[in-house]
Amino acid sequence: MIGKFILASALATVACLAQAQEVRIGVNLPYTGIGAELAQQIDRGMEQYLKLNPVKGYKITIVKRDVKDPSGGNARNVIQELLTQDKVDVLAGWVYSPNAIAAAPVVNAGKKLAVIMNAGTAHITQMSNYYVRTSFSMWHAGYTMGEAAAKNLKAKTAVVGFTDFPPGKDMLASFRRAFEASGGKVLDEIPMGSAGAVPDFTPFFQRAKDKKPDVFFVFVPAGDHSSAVVRTYGALGMRAAGIKLIGPGDITQDNKLQGMGSAAVGLVTMHHYHADLTNAENQRFVASWKKDYGADSTPDFMAVGGYDGMAAIAHAIRATKGKVDAEEALTALRGWKFASPRGPILIDPETRDIVMNQYLSEVIMKNGRLFQNTIATFENVKDACKALKIPPCK
Amino acid sequence: MSAPGLSEHPAARAMVARHRLRAWEPLPWILAFGFYFAFPNHLGFGTDLLIMILFALSLDLALGYAGIVTLGHAAFFGAGAYAVGLLAHHGVWNEPITGLVIGAAVAGLIGLISGLTLLRTTGLTLLMLTLCTMALLEEAANMGEKYTGGFDGLPNLPIPPLFGLFEFNPLYPRVQYLYVLGVLFVCFLFVRMLVYSPFGQSLTGIRENVLRMHAVGAPVNWRLITCYTISAAIAGVAGALWVQTNTYVNLTSLGLDRAATVLIILVLGGYGRLYGAFVGAVVYMALSHFLAKVYPTAWQLGLGLLLMLIALFARNGVLGLWDRLMGRLLSRRAPP
Amino acid sequence: MSAPLLETRGLGKNFGALVAARDINFRLEPGARHALIGPNGAGKTTFINLLTGVLLPTQGQVLFKQRDITALQQAARVKQGIARTFQINRLFRGLSVLENVYIAVAERLGVAGAMVKPAGMRNDVVEEAMRLLDVLKLSDNAGHRIAELPYGRQRLVELAIALGLEPEVLLLDEPAAGVPSAESHIILDAVAALPKHIGVLIIDHDMDLVFRFAERITVLVGGAIFAEGTPKEIGADPRVRDVYLGQAQHG
Amino acid sequence: MIVGTDILSMLLGGLAAGMVLFIVSVGLSVTMGLMGFVNLAHGAFAMLGGYVIVLTMRYWGIGFVPALALGFVVIAAVSIVFERLLYARLYRASELDQVLFTIGLVFFMIAAVTLIVGPENQQLMLPSWLQGQLDLGIVQYRTYSIFLIVVGSAIALGLWLGFERTRMGAQIRAAVDNRRMAESLGINIDRLFMLTFAFGSGMAAIGGGLGAEFIGLNPQYPLIYLVYFLIVVAVGGLGRVTGVFFAALIIGVLDFALKKYLPQGGTLFIYALAILLLLWRPQGLFGGKPT
């Protein structure tokens, strides 16, 4: 319900020429509340892109606005004001999918390029033709993991535990579809509480343990949820019972990983990014990050969403000579390729969603710290939800 | 037999005059109109503010006047919101004005049913029951995903132009603002009428001393249920407006966050007094704006402190404080 | 003896194992001035609560004008004409004196549920409330909030509210309790001036008040009627002296 | 036998959760029963206690059990300051003012902890003897859950004895049943309340620390679990130690069972259950006579 917050009037300006053409980017992120940590990752990702790849010849002004929560209401007002009051040329941000859903009518009316840097519910890119996504769809990791669990990990049975909100349900649906198509069997699906609070996972894990699956596929929001998952998995002796804990990369989010301790060793995850990737772009990115924000700080998949989002915007600015007319910018971005820290990426010309690699990794202990060891790479993965046209995807 | 001077007694005259319009009463409405012209780019925010005022006004009727301490008023806001949202989404009905009536009716019905069962209790039990009822509805809306859209809610609701003429533009919500302002005005007049009626007087009696109300033969429970139902219906109108102006509905329309916010707004402004909702909403918005700028990560700290101070020292909010200041000034000027 | 206004037959009330009222057969005559006395814990307040319908009896009946009202709710008994005051003030403290009485009068006239016409425009209610305040010499305080009044005046408002219900039976629970002795005459005068047709039952410890006011006295001990008679008879009863008067240091 | 161990593990898990609920809520029940004070900030003391326990273990390296004791002492002392300076002013205030004040206090503490410590979850480092699984003969179960059940039962027994056998316990019982009567018997209610408040807050602190392992510990804690604590108190009846004990265990076990066997139902059942119980017995399952 809280209207607008011109949060940080900090206008990050990167001025190159005094009379350079100004491009105004309106960023909506949850700068306060539980999402503040996520906003910071994305903010820094954008900052790192501009630092490592300056956009010469244009004055880029970033207007940051706080959307506080996933209620939709704040985001809608913030985006309305960014468009009508701050007269921005490009919209960016969106940590939470409900905000992208709620804001879609305003984005449509505003007719500006809108870059989604995190929100991962599969179908949201279809709610407005101005949305371009540089983060991921839940189906990227879920669907690929479904195949990999059967083929690479040789699992025959699985139990799925998921936080009971739309990304969790997306993840369940995508994993089950791919796993069963590859000959596996999902024994049980366990909704494990809401995203708002970390629940006591014991009863849910107890139920999973009783089913004796080969793998226990868990999706919970990154952060405190995932630490609790790893702890409960250890405390209930599930590893000793021969049940492998697997999931998308959210449960081994880079900046939380070291805090999980040795209980995390052996976790197998599927994701489009982790900070231990060895490509040159990533090494440059991580080094610069640690130099700027401290050795203890690690970029994660949200940061890379911000980084690539800013890269997309920069491409749109250059392609339209700073006008950033929405139609021209979209034409330029359709089919755009970029060497990202996560590996090569492409914006799908048809869906405006990202196409990228998925990495199957295992957590190992290396030099006294937890390390994500890439076991297998799946290249040029598209959002399977849209490829297979599974409702609500079209 | 009756002394002719009695109806001329100052107390009697005050009683006869208390419902009359005071000179400053048009002021909030003039300001609201002024906002429309002064801040054409903030009308989305303004619309939300007006809706919150209406919601707080509905709570005032139950909490401020009848003394029903509830933590679950968002249940009715959400009921009105989902009633309108579901009908529009499933293509049954989406005309705005009748939508408000439907929202009011559904919320009022839920108010009536829950009032019949819950209002026999008081204190902690009532608090818990209102809270749990709201949580139950929220969880039901979450689980009825097939119809309600669950956590994501129902987006892109088709709301036709008001009176078939005035389109709701999502980018420049001028029509929305004026529409909400008009509905708020009508609802306000209705609440004002209730408050100054004998019914309103007897609600105050229940709040002030329920045992005495029983002893004067008042049907206390029915009065409370009636009041609760009306209050729920108005909250339903607020919820319906929220959905129509935003063209979507989701779970936040009936969460604890909303219930707590509206309670804070009402108390900040001053409950049991018609304009508390107005003052509270404006002050809360301004404060949250200001504090969030200075202290972006923890404006909760300031809000918490403020609430504690109000509860400890400034009973009955900003307007209560104002009254006491004025009272002190006046008594100093004119010694008794 | 005429037909009683209010009568109980074999009235009893138990709270679990505790017997708070036992086999009470009591009659209040029209226009009576009746007092109910008894030591602490004798069950006087329980008895009042049984008469007004706050409590439902375990056994026995309550009759008003010879009609059985045992099952009636409190509000319904008020409508029949049974009003009470409380031992400890139960007033609408945030409201003015006039509003306090207004609420009672509006309730009796059946207009209290009306939602459209402003309360102030009900001239009949306002005037009647003012008249009552005038009778009780409270009109100077009509505009004051209860919280601003001295305690003695507040007790008068208790009385005014009860009278606003135009009762036929008025139950006064220690009307002068807590009032400083300098002010208590105000209450006593008001009680003495109550309209003659009302049957009054007064419950009190204050023997001056009881003996000055009552024409008939009932003594309650241990939840049961111990003795009943005229003030003279009760005053002369040695058993009453033993169990009550002596012990309470009042005689 | 499969079914047997299944139910047994469910009971153990539910009882362990119930014990935490009991330890946190018991103080709330008694203080609410004594003063009729609607203290929505009780969970904030549990949170503060949890932080004291977890952080002293992490930074000062003190053991789990001494840290629990320290948490109790520190929070009991802190709560006395709050009680004397702030709560005491509101004993005669309206319920609404109490609700506001304590909600404000919750917001304040959430923000303060977020600012000072940070928004993230704090992990409790269990000593090695509490980690892993314990073989109970019929079933293997999480050692820590068994520990909680033992500790919770011991605390419940101790409190029950204290309530029934000591002079202060008798005073509290008398004051809960009839405050005016107790005052007229010369019991100093204010002092009694202060001590009970401190003790109850200290217990909450222990509960916050004990529960951190599986219900987490972060600044939002007082809001997240408020409803659970209040349900336990409302269902158990105000001012009833045994009532709160059984209510906490019933809710702990039912909640666990519902989550395990009907996870699709989310939190729906627990709210529905609370509503039904409160409508059936508004004074709580073990509450006193309706007055």
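Just so it is clear: chains get the letters A, B, ... in the order the sequence lines come, proteins before strands, and each one is counted from 1.
For chain C, no part of B/A14 is nearby; none of its heavy atoms comes within less than 4.5 Å. At a 4.5 Å heavy-atom cutoff, the contact between C/R122 and chain B is made by side-chain atoms alone. Using a 4.5 Å cut-off between heavy atoms, C/L95 contacts chain B through both its backbone and its side chain. For a residue to count as touching a neighbouring chain, one of its non-hydrogen atoms must lie under 4.5 Å from one of that chain's; by this rule C/V126 touches chain B with the side chain only. For B/H19, the part sitting under 4.5 Å from any heavy atom of chain C is the side chain, from C-beta outward, and nothing else. The part of C/K117 that comes within reach of chain B is its backbone (N, CA, C, O), which places non-hydrogen atoms under 4.5 angstrom from that chain. C/A112 touches chain B through backbone and side chain together, each having a heavy atom under 4.5 Å away.
Residues B/M15 and C/P118 form no side-chain contact, since every pair of their non-hydrogen atoms from C-beta on lies 4.5 Å or further apart. C/L165 has its side chain within reach of B/V216: a pair of non-hydrogen atoms, C-beta onward, lies under 4.5 Å apart. B/R212 is listed as a side-chain neighbour of C/E158, based on a closest heavy-atom distance under 4.5 Å. Counting only heavy atoms from C-beta outward, the side chains of C/I103 and B/Q201 approach each other to under 4.5 Å. Inter-residue side-chain proximity for C/I146 and B/E208 is flagged as unmet; no heavy-atom pair is nearer than 4.5 Å.
In this structure, C/R33 places its CZ atom where more than 12 heavy-atom neighbours from other residues, nucleotides or ligands lie under 6.0 Å away. The neighbour count for B/W222 CH2, taken as heavy atoms of other residues, nucleotides or ligands under 6.0 Å away, does not exceed 12. Within a 6.0 Å sphere centred on CZ of B/R22, heavy atoms belonging to other residues, nucleotides or ligands number more than 12. A 6.0 Å sphere centred on CD of C/Q87 holds more than 12 heavy atoms belonging to other residues, nucleotides or ligands.
Here the closest heavy-atom approach between residue C/Y102 and residue B/P198 is recorded as OH-CG, 3.9 Å.
The distance from atom CG of B/L203 to atom CE of C/M115, rounded to the nearest 0.5 Å, is 8.0 Å.
Options C/Q74, C/Q73, C/R84, C/K79 differ in how many heavy-atom pairs under 4.5 Å they form with chain B, and the most are formed by C/Q74. In terms of heavy-atom pairs under 4.5 angstrom with chain B, the leader among C/A76, C/A119, C/A75 is C/A119. Options C/G113, C/A106, C/G164 differ in how many heavy-atom pairs under 4.5 Å they form with chain B, and the most are formed by C/G113. Listed options B/A218, B/G272, B/S202 were ranked by heavy-atom pairs under 4.5 angstrom with chain C; first place goes to B/A218. Ranked by heavy-atom pairs under 4.5 Å with chain B, the first of C/M121, C/E99, C/R93 is C/E99.
Although no hydrogens or angles enter the test, the distance criterion places a donor-acceptor pair under 3.5 Å between the side chain of B/H9 and the main chain of C/S139.
Listed by sequence position, the residues of residues 107-115 of chain B in contact with chain C number zero, using a 4.5 angstrom heavy-atom cutoff.
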